[in-house]
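All residue numbers refer to positions in the sequence shown, counting from 1.
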Amino acid sequence: MEKQKAKAVLEAILFTMGEAVEVERLASVIEEDKKTTKELLMEMKEEYDGKECGVTLMELEDSFQMCTKAEMYEYLIKIAKTPRKYVLTDTLLETLSIIAYKQPITRAEIEKIRGVSCDHAVNRLVEFGLIAEVGRMDAPGRPLLFGTTEEFLRSFGVKSLEELPELSAVQIEEFKVQAEQEASVQLDI
């Protein structure tokens, strides 16, 4: 592989992985020996360090990682301290509560409870980090199972799912009525 192409491949891998990658693994990807690969990585490090850019390569034992230059930390802190903002609509909250109480649960099961499609809601909740794929159901098609995350617990101030309030039979019946009303309104449109 041509030298510049090999460096581009190494850069892409290190950027995408976001963690230290062993020189041996990098060498196998670019089809070079470890010594040549390490020389390429050291050249890349010198190039990053020699120009005005925000990243560099860090050598960790027999691995390399792309990371931010120390002089960039003050700028990173400004953005990292800004809290992630997301708005949970009624639909998102309803979908999230179904997942929290019924997990692990498939999209089809959520839709059966809600009576309407939940693709958008599930995708947004995954994007917000409140739910995640937790496996696959042992059934035809092996549908994905969803559950809540640690971020969900932090966001709602609970230490575990056991701390979630219990739903009474009256509340469950009210939720069913609301879901039926929502479904009938959507059908009328």
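Closest approach of Glu22 to Ser63, counting heavy atoms only: CA-OG, 3.5 Å. Pairing each heavy atom of Asp62 with each of Lys34, the nearest pair is OD2-NZ, 2.9 Å. The heavy-atom pair separating Gly147 from Gln103 by the smallest distance is CA-OE1, 3.1 Å. Counting all heavy atoms, side chain and backbone alike, Phe152 lies closest to Leu130 at CB-O, 3.3 Å. Considering every non-hydrogen atom in both Ile110 and Ile99, the closest pair reads CD1-CG1, 3.6 Å. Considering all non-hydrogen atoms of both residues, Met58 and Cys67 come closest at CE-SG, 3.5 Å.
Remark: Glu43 engages Lys3, Lys7 in a salt bridge (charged side-chain N to carboxylate O under 4.0 Å, His left out) (not counting sequence neighbours).
Other residues, nucleotides and ligands contribute at most 12 non-hydrogen atoms within 6.0 Å of the OH atom of Tyr75. Shown here is Glu47, whose CD atom has more than 12 heavy atoms of other residues, nucleotides or ligands within 6.0 Å. Summarising the local packing, CD of Glu71 is surrounded by more than 12 heavy atoms from other residues, nucleotides or ligands at distances under 6.0 Å. In Asp138, the CG atom is not crowded: 12 or fewer heavy atoms of neighbouring residues, nucleotides or ligands sit closer than 6.0 Å.
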Side chain to side chain donor-acceptor pair (under 3.5 Å) assessment of Thr149 paired with Glu151: CA-CA 5 Å; Thr149 63; Glu151 181 63 28; over 6 Å; no
Could you please spell out the steps behind the side chain to side chain contact (heavy atoms under 4.5 Å, CB included) verdict for Val21 and Leu10? CA-CA 10 Å; Val21 181; Leu10 293 171; over 6 Å; no
Side chain to side chain contact (heavy atoms under 4.5 Å, CB included) evaluation trace for Ile131 with Thr95: CA-CA 10 Å; Ile131 67 167; Thr95 305; over 6 Å; no
Stepwise, does the side chain to side chain contact (heavy atoms under 4.5 Å, CB included) test hold for Phe128 with Leu92? CA-CA 11 Å; Phe128 294 156; Leu92 291 179; 3.9 Å; yes
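The hydrophobic clustering, which links ILVMFWY residues whose side-chain heavy atoms are closer than 4.5 Å, places Tyr48 and Leu76 apart. Linking Ile, Leu, Val, Met, Phe, Trp and Tyr whenever their side-chain heavy atoms come within less than 4.5 Å puts Ile30 and Met42 in one cluster. Criterion: ILVMFWY side-chain heavy atoms under 4.5 Å apart, direct or through other members. Under it, Ile77 and Met72 are not part of a common hydrophobic cluster. With hydrophobic clusters built from ILVMFWY side chains whose heavy atoms lie under 4.5 angstrom apart, Leu125 shares a cluster with Ile113. Hydrophobic cluster membership is shared by Val126 and Ile105, with clusters built from Ile, Leu, Val, Met, Phe, Trp and Tyr side chains linked at under 4.5 angstrom.
Counting only heavy atoms from C-beta outward, the side chains of Leu26 and Leu14 approach each other to under 4.5 Å.
With rounding to the nearest 0.5 angstrom, the OG1 atom of Thr56 is 10.0 Å from the CE atom of Met44. The distance from atom CE of Met66 to atom CE of Met17, rounded to the nearest 0.5 Å, is 13.0 Å. The structure places CG of Leu41 at 6.5 Å from CG of Leu57, a figure rounded to the nearest 0.5 Å. Once rounded to the nearest 0.5 Å, the distance linking CZ of Arg107 with CG of Leu145 reads 11.5 Å. Here the straight-line distance linking atom CD of Glu94 with atom CZ of Arg114 works out to 4.5 Å at 0.5 Å rounding. Interatomic distance, Ile13 CD1 to Phe64 CZ, rounded to the nearest 0.5 Å: 13.5 Å.
Formation of a donor-acceptor pair under 3.5 Å by the Glu111 side chain with backbone atoms of Cys118 is found in this model.
Counting only residues at least two apart or in different chains, salt bridge (Lys or Arg N to Asp or Glu O under 4.0 Å) contacts with residues 49-59 comprise Lys38-Glu59, Lys45-Asp49.
Salt-bridge check for Glu109 with Lys112: failed, with every basic side-chain N at 4.0 Å or more from each acidic carboxylate O.
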